[in-house]
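Reading through the structure tokens given below for one structure.
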Amino acid sequence: MKRQILYTLAIALILFGAYATVRKTELASCVAYGLGGFREVAAERSKRFLGKVADEDTARCRGGEKAVRWRRTPWVDWQKYWAAAGNDSRATGLTSKLGFFSPNQRGIDGALLDLEYQRIELIKFNLFDNAGTFEQYIRGRSGTPGRSLKTWPQMRLPKDHPFYASIGGDGRQKCMGELIRFRNLTGICNDIMNPLMGSTDQPFARNVEFDTTFPDLGKNEIVRNRHGGRIGLRKPDPQVISRKLFTRAQSSANKCNDGWGLPGYSPEANCDYQKAEFFNVLAAFWIQFMTHDWFSHLDEGHNQSAMQEMGCSTQRVNNAERSLTPDEVKQLGCRPEDRVDKSYVAEDGPPATFIYENKQYLTRAPKTTLNTVTAWWDASQIYGYNETSQRRVKRDPRDSAKLLLEPISARPQNRMGYLPVLGPTDPMNPQWAGQEAVAFPDNWSVGLSLFHNVFAREHNLFVDAFHRQAQETPEVDSGLRNPAAPDAIIKYKDVTADELFQVARLVVAAEIAKIHTIEWTTQLLYNEPLYLAMNANWAGLAGQYGMVAAALEKVINHFSKSDNDKKNAGWYSVFATGPGIFGLGNQNQDINAGVNHFGSPFNFPEEFVTVYRLHPMVPDLIEFRELNKDPNTVKYKIPVLETMRGKATQMMRRYGIANWALSMGRQRLGKLTLLNHPLFLQNLSVPRLKSATGKIDVLALDIIRDRERGVPRYNEFRRQYGLKQLASFDDFIDPSLPKDSRERARQQQIVDLIREVYGQHQCDASKHITNAQLNNDRSEITDCLGHPDGSMVDNIEDLDTVVGWLAESARPHGFAISETQFQVFILNASRRLFSDRFFTSSFRPEFYTNFGVKWVHENGPDGVMMEKNRVNGNQIEVSPLKRVLLRTIPELAPELRHVANVFDPWARDRGEYYSLQWKPRPGAESDVAFKTR
Ligand code: HEM
């Protein structure tokens with residue numbers, strides 16, 4: 001293969017020898033890079049890729065001199081490759097026509113390879129199960145290496161489980177019969193050999209070594225060296241962090257009124273916030289809708305009954321911690337009397353230890369917590385995750401295959417209906433009174449109401465369409481099978497209401513996963529490599545991306561032959577990029593054959609929750625528009641506070657789902673950055689807590705909860721995830737900014753604030769602070785982080801992870817999130833597809849019916865539809881959420897005509913090649929939103 005590459009590059013060199021010196025150098029670098037071949041996957045943790053290519057040649061070949069310069073920064077290299085950013089990152093002229101060898105293709109392929117290396121290493125080094133399987137993962141079992149284990153005794157149903165006997169009891173447990181047909185309420189039997197995996201109330205996993213968790217407990221010398229006794233549950237003070245580093249500055253405090261706006265929802269109200277040009281408010285509520293499906297630490301909206309303080313008591317002044325004076329409290333606006341319930345803890349006794357190959361390991365983290373919903377992407381926020389939540393889910397008494405949607409008097413013309421309100425016999429936390437009845441009702445707002453109503457409607461539309469199919473072709477095989485009689489055909493007319501309800505749930509969950517993977521995420525990470533990568537995750541790299549697929553296949557072959565990784569037979573699954581993960585193995589007779597857990601049972605890690613603390617995305621005021629008046633006019637500015645809990649339901653019904661979709665579709669969401677959190681969340685009223693203030697600062701709570709759950713602080717977090725550490729707070733300043741730019745000055749101000757809050761200390765180079773990485777010269781990383789011994793260094797090791805990733809300003813093009821968050825997603829977003837039988841080998845007609853499989857593949861009942869215009873140079877299907885909205889809120893059709901991705905602000909002109917411009921599309925020139933930055 002090397003010879004082939006050399007040969008082709010030599011021809012390329014001759015062909016382009018006449019070009020400018022820079023190009024010549026680049027081509028020479030490409031030859032050198034080609035000769036070097038692919039790097040090996042790191043055999044040990046301290047030799048990881050870190051998102052940085054090994055040499056200048058590789059960087060130059062993929063991105064020219066700007067990529068070479070970027071190698072010196074801590075941030076991932078691929079963002080500076082050719083064509084990986086906006087239009088100006090693309091090479092033009094003759095070389096750009098060279099297909100596979102064009103700079104643009106080299107850049108994109110290089111970026112995809114880097115992402116793939118990251119994923120391989122993340123799977124290899126970052127799986128730490130808290131359910132008791134970790135020792136087997138390290139030691140292996142009965143001759144099988146740990147990473148190749150596929151079943152675990154800890155994933156068996158316990159004796160007191162109602163289905164214990166039916167799946168094998170004390171003997172070999174294997175799910176059978178009705179238990180394998182559909183998504184079960186509590187998530188059991190998704191993997192038929194590991195019935196308990198991913199089910200409700202299983203422990204959150206970790207992605208970081210256990211002995212790096214709970215750093216404030218100072219359990220080992222390295223952790224003590226790292227933090228020098230400077231950190232604790234309320235150290236640095238969480239409310240002070242919130243007020244100094246999170247607060248949105250206001251140009252006119254009166255017009256914002258702490259997020260309450262002006263009387264009568266006057267459009268004159270204004271709460272300033274930094275806006276993301278290419279992501280809308282629908283996207284903010286979408287991700288909250290998703291997280292309610294994936295994880296929760298609370299039980300029915302409660303934590304423990306014991307209460308705790310929330311800070312507002314100390315701050316650092318001149319690098320020394322001291323108590324706040326009453327004047328300072330007033331000035332900051334924090335509240336020392338706020339109280340909040342303590343986080344639940346599942347296990348907190350000292351974890352057992354074991355020794356393997358002379359190294360001592362913990363068997364779990366010092367404390368564990370439970371995921372109180374199913375970890376599966378099973379739409380459990382809609383359909384339920386335990387008996388209590390299921391009682392809130394209403395089926396239609398006239399057709400029990402459907403969810404109950406009722407007509408409302410305010411909108412008699414709407415035939416699809418709205419979700420019913422929680423009734424007196426429904427189980428509920430009193431603060432949910434008056435809001436819609438859904439399985440997961442906590443932190444309810446009009447945004448969640450919108451998505452719950454949309455997918456309840458979609459469920460019913462699927463059922464209606466299925467009924468029509470059954471009427472038209474009653475005798476035809478539906479594809480569905482009952483494992484009790486697997487050979488018996490089930491005709492369309494014979495599918496029962498209960499079966500149809502469950503099929504609709506499977507279809508809705510798969511549609512949601514598809515929307516999230518190829519629509520939400522490609523807008524969150526708005527550039528070509530991620531567009532390709534996410535589509536590859538779902539459907540594989542085919543057709544026009546054959547070249548990229550071919551490049552990746554070469555790497556697959558390389559890895560599958562590699563001696564270093566013989567232990568892990570699963571490389572090919574890691575590179576599912578060719579066929580895609582969705583539907584992987586569904587031609588295999590074994591319905592469980594397509595899942596791959598990579599040796600560690602699937603559940604989300606605590607660290608995943610941390611990077612989803614996306615509260616800055618929420619604006620304080622929603623710019624309300626009306627579809628049948630002038631959509632370019634903002635009629636009201638409605639505080640999010642007025643659209644919460646029971647008021648969400650009133651607002652939804654009063655103004656109608658179409659107007660809310662339009663309003664949130666047009667409005668930009670808040671940038672994920674410091675000094676940009678909603679004011680209303682700093683002062684959220686939570687009457688159930690019965691504290692003196694009755695309020696909490698949710699943003700201070702973001703900090704407290706992560707500390708309660710032992711998330712490592714920012715620098716170690718990055719090292720653990722295979723990213724480069726920072727040596728000082730100044731590293732947060734985007735190195736590509738000109739020295740005298742205003743943006744640089746702004747970032748410098750933020751850095752100064754971080755330094756004020758977290759402080760500095762005199763470093764001690766004899767203190768070794770991490771086992772995760774080494775310095776470039778293979779020496780140990782010390783408390784001085786490369787600075788001279790005894791010098792004053794920033795307390796960057798103490799930085800809370802949320803604060804750190806919000807401070808990252810050097811991001812890949814079009815990234816609404818930081819690279820640190822993204823690293824967590826690479827691993828866990830892939831795993832939640834790889835591990836789920838219903839997205840891999842059981843995505844087949846026997847479970848979904850033929851009608852359901854087609855619906856998921858074709859985004860609905862009317863066949864595949866293509867957008868007329870190319871989008872960023874790609875021919876694309878009409879997006880899955882656009883199709884869902886056109887069905888469930890048909891009034892939106894004229895507005896959606898202009899929309900290619902539902903999460904891009906609806907009136908924005910998308911321009912050329914991943915443009916981030918804030919410019920109106922034709923027809924929206926008068927939209928007031930374009931008058932402001
Ligand atoms: C009206 C808007 C919102 C409100 C009122 C709200 C409120 C809250 C509250 C009170 C908590 C703390 C629960 C606790 O630990 O005691 C919380 C946690 C959280 N919120 Fe929000 N939130 C909102 C929007 C969002 C959005 C848009 C996201 C985006 C993903 C989000 C993600 C999270 C996450 C990940 C947690 C941690 C959950 C856990 O510990 O299991 N929230 N939110």
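Below, all heavy atoms of this structure are taken into account, side chains as well, without hydrogens, waters or symmetry copies. In listed order, ligands and their atoms are each counted from 1.
Checked for salt-bridge contact, Asp426 and Arg392 miss the test: no charged N lies under 4.0 Å from a carboxylate O. Ion pairing of Glu642 with Lys637 is absent here, as no side-chain N (NZ or NE/NH1/NH2) approaches a carboxylate O to less than 4.0 Å.
With sequence neighbours excluded, no residue satisfies side chain to side chain donor-acceptor pair (under 3.5 Å) with Glu387. In terms of the side chain to side chain donor-acceptor pair (under 3.5 Å) criterion, Trp260 has no residue partners (sequence neighbours excluded).
The ligand atoms of ligand 1 that sit less than 4.0 angstrom from a heavy atom of Val618 are 27 (C). Heavy-atom proximity to Phe295, at under 4.0 Å, picks out these atoms of ligand 1: 35 (C), 41 (O). Under a 4.0 Å criterion applied to the non-hydrogen atoms of Leu701, ligand 1 contributes the atoms 12 (C), 14 (C), 16 (O). Atoms of ligand 1 found under 4.0 Å from any heavy atom of Met644, numbered from 1 in the order shown, are 5 (C). Near Arg705, with a cut-off below 4.0 Å to any heavy atom, the atoms of ligand 1 are 14 (C), 15 (O), 16 (O). Proximity to Ala284 (heavy-atom distance under 4.0 Å) selects the following atoms of ligand 1: 27 (C). Interface of Ser296 with ligand 1, defined as ligand atoms under 4.0 Å from a residue heavy atom, comprises 41 (O).
The main-chain N or O of Asp272 is found under 3.5 Å from a side-chain atom of Gln250 such that the two form a donor-acceptor pair.
At least one heavy atom of Arg709 sits less than 4.0 Å from an atom of ligand 1.
Proximity of Asp702 to ligand 1, defined as any heavy-atom pair under 4.0 Å, is not found for any part of the residue. For Asn303, every heavy-atom contact with ligand 1 shorter than 4.0 Å involves the side chain, none the backbone. Contacts with ligand 1 closer than 4.0 Å are made by side-chain heavy atoms of Leu298 only, the backbone lying farther away.
In this structure, the ring of Trp660 has its center less than 6.0 angstrom from the ring center of Phe624.
The nearest protein atom to atom 39 (C) of ligand 1, hydrogens excluded, is given as His297 ND1, 3.4 Å; this is a heavy-atom distance.
Considering Tyr383, Phe602, Phe295, Trp294 in turn, Phe602 is the only one that fulfils the ring-ring contact (aromatic ring centres under 6.0 Å, His included) rule with Trp376.
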Next on the checklist: Apply side-chain contact (heavy atoms from CB on, under 4.5 Å) to residues Gln667 and Val281 and explain how you reach the verdict.
Outcome noted: CA-CA 6 Å; Gln667 186 174 353; Val281 173; 3.7 Å; yes
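Looking only at protein N/O/S atoms, the ones less than 2.8 Å from atom 21 (Fe) of ligand 1 make 1 in total.
Phe608 and Phe825 have perpendicular rings, their planes meeting at more than 60° on a 0 to 90° scale where under 30° would count as parallel.
If you check each of Phe604, Tyr612, Tyr344 against atom 35 (C) of ligand 1, the one with the closest non-hydrogen atom is Tyr612.
A 4.5 Å side-chain heavy-atom check between Glu519 and Pro880 finds at least one atom pair inside the cut-off.
Figure legend: Arg645 and Trp432 shown without cation-pi pairing, the cationic atom not lying both under 6.0 angstrom from the six-membered ring centre and within 45 degrees of its axis.
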Pairs of donor and acceptor atoms involving the side chains of residues 685-693, under 3.5 Å and at least two apart or interchain, shall be tabulated with distances.
unit_1, atom_1, unit_2, atom_2, d
Arg688, NE, Gly301, O, 3.3
Arg688, NH1, Asp341, OD2, 2.8
Arg688, NH2, Gly301, O, 3.2
Arg688, NH2, Asp341, OD2, 3.4
Ser691, OG, Gly694, N, 3.0
Thr693, OG1, Asp338, OD1, 2.7
Thr693, OG1, Lys695, N, 3.1
Thr693, OG1, Lys695, O, 3.3

